[in-house]
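All remarks here apply to the structure that follows.
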Amino acid sequence: MSRLRRIAVKAVTSVVVIVAAASVTFFAQLAVPGDRANTLMNLQTGQDKKWSVDELAPLNERFGFDDPVIVQYLDYVTGLFHGDLGTSYTQKRPVTEVIGGQLLPSLTLTGAALLVAWALALGITLLTVKRGRFLTSLGTTWEALTASLPHYWVGVVLLVVFAVQLRVFPIIGGTSALGTVLPVLTLAIPLAGFLGQVTRDEFEQVLQQPFVTTARTRGMSDLGVRVQHVLRHAILPAITLSGWALGALVSGAVIAENIFGRPGIGQVLVTAVNTRDLPTVSGIVLVVAAIYVVANLLVDLAYAIVDPRLRAA
Amino acid sequence: MSTLTVTRAVHLPKVGTVLSLLVVAFVVAAALVPGLLVDGSPTAIDLKSTLEAPSWAHPFGTDDAGRDLFTRVVHGARESLGIGLGATALAFVIAIGLGFTAALAGRVVDAAITRVLEVAFAFPALLLALLVIAVRGPSLATSIAAVGIGSAPGYARMIRGQVLAVRQAGFIEAAAALGHGWFTVIRRHLFPNAMRPLVAVATLGVGQSIVWASALSFLGLGVAPPSSEWGALLDAGRLHITTSWWLEILPGVVIVLVAISVTSLGRTLQNRLGGAAR
């Protein structure tokens, strides 16, 4: 029963989150200085002037700019739940169409980056925690350094070193497998440093627990203790952080796509911000919000799988 | 073994702290009096020496108009640091408002604000910032607003927690019992005590804000290129990335160095002041 209730609460808050995000994007669209129809007309004709009421009438009619704000708001929010994200100002087609095809490359990029970051973080933690002063400080220094590197700089350095100088990878990768390596590393390296710092702290504490000593007295090998007993505990906080990490990954993806000329919502987003195409910007913000909500539900599930104590509750 | 590690742990950061202080002092000097560190104008065009690799005459090389990159980086410090400070200040003003309201205005308000903050905190900061830029159009002021608004939710959460903790303290009760009005109690007792641990957090925030603002310029959505703000330098250098690596790598090294130095100073401050705010 309590479990059902927890799921219900989660579902309701998820909807609240989406509606809250939608309210923010809706009022952001209203907050653009100047008359929206006039701005739109200028965008579409490439001119910069004040249009007459008659000239703007079709636009006002089409986008419903003359309706009371509350009506526009309700239209917008109910539209969202029907899968309608509005119409792009510059491309004059539904935002869902503009974003649709770009979503998969971005998801591939962030998903792969999350996996690689986890592999890097766990690998480095397993190898360097409590392994003597030299290895340990090597590990902590690497983590502290990479965790504070901005995405764009990691991307640029990787690009210069591996694409321009060594020519191992293409400079403009597109969505090919080879071209995906550098963007993934761009996102994964700083994230791995961050996750590593968290798992390391936890790992050190768990290594001092009585059950670790017990396992060792049973004659278990050091690696066995680390993998079978300690790892499970140490990754709990990092799983919680993965939900948060998704936010950092999305921010990073916008930058990585930009550096490597990789198609994706990041590219669309930067263009849309540049042309002040607010429906498209809002649409992307909302799609990301939805993905974020789903991801956090998944994190809850993952938590229950790793920590059996939660399954009983 | 434990004593050994402890003494090392105390000694090592000192070197780091001194180095960080040097870096920060250099940047502050560059921001206040750039002429002291370099002579020559950051926009002096020299078409005879375009895209030259780093040398003694041009330690950071030159760009496509023959402008000395080191001079440009030094002169860019004012804008970068200014954005960092401005954005952090704005973020704190918003965060103090939200955090204190949430902590003091009763359960319903608290629940509402806390929920919104939780969502906004986890939401990609870059997307919030880009939404602000889409509304206002790119400029220096927009960069400050975008980064400030993007980073406010995190601080607001910490401030709320601090206020809730300090409110329990005996001296608050004592002040109220002495008959001081609620405003006086907040101003004289609650505010200073709740905010003290956040001094270190604010220091960390300046470093992060500089990085975020430069990311916006890097995307071409921050301060526009004639400026030598560090992110704008990176953006301008991208055209020549296949031939002139220094235009891209070296300003990046400066940003990373400054960010790491400010972070390490913030951490030191946090340890000194005690009570890590989370």
Side-chain angles (χ1 to χ4, degrees), chain A residues 13 16-17 20-21 24-25 27-33 133 137 144-145 147-157 159-161 163-165 171 243-244 246-255 258-259 266 269-270 272-278 280-282 284-285 288-289 292-293 296, chain B residues 1 4-5 8 12 16 112 115-116 118-138 150 207-208 210-212 214-221 231 234-235 237-238 241-249 251-253 255-256 259-264 267:
Chain A
T13 42
V16 172
V17 168
V24 170
T25 55
F27 287 105
Q29 299 188 30
L30 284 190
V32 176
R133 190 179 292 157
S137 61
L145 189 72
S148 53
L149 290 180
H151 285 120
Y152 60 81
W153 198 66
V154 177
V156 160
V157 170
L159 184 71
V160 167
V161 175
V164 176
Q165 302 290 335
I171 293 180
W244 173 88
L246 199 86
L249 280 175
V250 169
S251 300
V254 173
I255 287 161
N258 198 270
I259 295 175
L269 180 62
V270 171
V273 173
N274 243 325
T275 54
R276 306 182 73 180
D277 180 2
L278 268 155
T280 306
V281 177
S282 305
I284 293 174
V285 168
V288 172
Y292 159 75
V293 164
N296 272 284
Chain B
M1 143 119 203
L4 254 181
T5 30
R8 278 187 70 85
L12 268 178
R115 191 80 201 103
V116 170
E118 248 169 59
V119 175
F121 173 65
F123 200 73
L126 185 66
L127 286 201
L128 274 184
L130 289 182
L131 193 63
V132 176
I133 296 171
V135 171
R136 301 201 27 175
Q208 279 159 359
I210 291 176
V211 171
W212 274 115
S214 60
L216 295 178
S217 311
F218 177 79
L219 291 173
L221 300 171
L234 288 175
D235 188 31
R238 288 167 76 185
I241 197 164
T242 47
T243 51
S244 315
W245 55 269
W246 55 92
L247 290 178
E248 206 59 30
I249 304 294
V253 171
I255 297 174
V256 171
I260 291 180
S261 304
V262 174
T263 309
S264 117
R267 290 271 147 78

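Keep in mind that the numbers below use all heavy atoms, side chains included, and drop hydrogens, waters and symmetry copies. What you see is a predicted model, and the numbers here were worked out from it, not measured in a lab. Each chain gets a letter, A, B and so on, in the order its sequence line appears, and its residues count up from 1.
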Portion of B:L221 that has a non-hydrogen atom of chain A nearer than 4.5 angstrom
side chain
side-chain contact (heavy atoms from CB on, under 4.5 Å) between B:L126 and A:V250, intermediate numbers included:
CA-CA 8 Å; B:L126 185 66; A:V250 169; over 6 Å; no
Closest heavy-atom pair and its distance - B:I255, A:Y152
CD1-OH, 3.3 Å
Go through the atoms of B:T263 and report whether side chain, backbone, both or neither lie under 4.5 Å from a heavy atom of chain A.
neither
Would you mind checking which part of A:V270 comes under 4.5 Å of any heavy atom in chain B, side chain (CB onward), backbone (N, CA, C, O), both or neither?
both
Under 4.5 Å to a heavy atom of chain B? For A:A289 that would be both
If I measure from the heavy atoms of chain B, does A:I259 come under 4.5 Å with its side chain, its backbone, both, or neither?
both
Please state whether the side chain, the backbone, both or neither of A:A28 comes within less than 4.5 Å of a heavy atom of chain B.
both
What part of B:V253 gets within 4.5 angstrom of chain A, counting heavy atoms only: side chain, backbone, both, or neither?
both
With sequence neighbours excluded, what pairs up with A:T25 under the side chain to side chain donor-acceptor pair (under 3.5 Å) test?
A:Y76
For a 4.5 angstrom cut-off between non-hydrogen side-chain atoms, does B:W245 reach A:V164?
no
With the side chain counted from C-beta on, respond yes when A:P150 and B:V256 share a heavy-atom pair under 4.5 Å apart, and no when they do not.
yes
Count the heavy-atom pairs under 4.5 Å between each of A:L145, A:V293, A:L249, A:N274 and chain B, then report the option with the highest count.
A:N274
Of the backbone (N, CA, C, O) and the side chain (C-beta and beyond), which part of A:L278 lies under 4.5 Å from a heavy atom of chain B, both, or neither?
side chain
For A:D277, give me all partners under salt bridge (Lys or Arg N to Asp or Glu O under 4.0 Å), at least two apart in sequence or on another chain.
none
